[in-house]
Undergrad: 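One structure is given below, represented as structure tokens, and several questions about it will come after.
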Amino acid sequence: MPVISVDILRGRTEAQKAALARELTDAFQRTCGSSRERIYVIIRDVPTENWAIGGEMCTNLPAPAPALASEPASSAAH
């Protein structure tokens, strides 16, 4: 029985978490061949006061944590 565990910053909707669970299950099934009924997904919502980025607690960062930004950051091509 495969178990996929995901820790995310609190704030996602139930619909977003359900979509994430489906996508992770689909990806695992596609790449590893397990049956859907045997794939478990555990999503843990972590409050920002219990999360650090770059050694700084999210609650102490001057700007919202990247995962909490309303729009995804654009990535520069390397």
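Position 1 is the first residue of the sequence, and the numbers go up from there.
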Undergrad: May I ask whether Val6 and Phe28 are part of the same hydrophobic cluster, defined by side-chain heavy atoms of I, L, V, M, F, W, Y residues being less than 4.5 angstrom apart, directly or through others?
TA: yes
Undergrad: Any link between Met1 and Leu24 through a network of hydrophobic side chains (Ile, Leu, Val, Met, Phe, Trp, Tyr) touching at under 4.5 Å?
TA: no
Undergrad: According to a hydrophobic-cluster definition based on side-chain heavy atoms being under 4.5 Å apart (Ile, Leu, Val, Met, Phe, Trp, Tyr only), do Ile8 and Leu61 belong together?
TA: no
Undergrad: What is the distance from atom CD of Glu37 to atom OG1 of Thr25, rounded to the nearest 0.5 Å?
TA: 10.0 Å
Undergrad: Out of curiosity, does Ile43 fall in the hydrophobic cluster containing Tyr40 (side-chain heavy atoms, cut-off under 4.5 Å, transitive links)?
TA: no
Undergrad: Test side-chain contact (heavy atoms from CB on, under 4.5 Å) on Lys17 and Asp45; report intermediate values, then the result.
TA: CA-CA 10 Å; Lys17 291 185 275 187; Asp45 286 318; 2.7 Å; yes
Undergrad: Looking at every heavy atom in both Glu49 and Met57, which two are closest together, and how far apart are they?
TA: O-CE, 3.1 Å
Undergrad: Would you say Trp51 and Asp7 make side-chain contact, with heavy atoms under 4.5 Å?
TA: yes
Undergrad: Calculate, to the nearest 0.5 Å, the distance between atoms CG and OG1 belonging to Asn60 and Thr48 respectively.
TA: 10.0 Å
Undergrad: Nearest 0.5 Å please: distance from the OG atom of Ser35 over to the CD atom of Gln29.
TA: 7.5 Å
Undergrad: Can a side-chain donor-acceptor contact be found between Ser5 and Arg44 if the only test is distance below 3.5 angstrom?
TA: yes
Undergrad: As an exercise, state the distance from CG of Leu9 to SG of Cys58, rounded to the nearest 0.5 Å.
TA: 5.0 Å
Undergrad: Measure the CD-CD distance between Gln16 and Glu23 for me, rounded to the nearest 0.5 Å.
TA: 13.0 Å
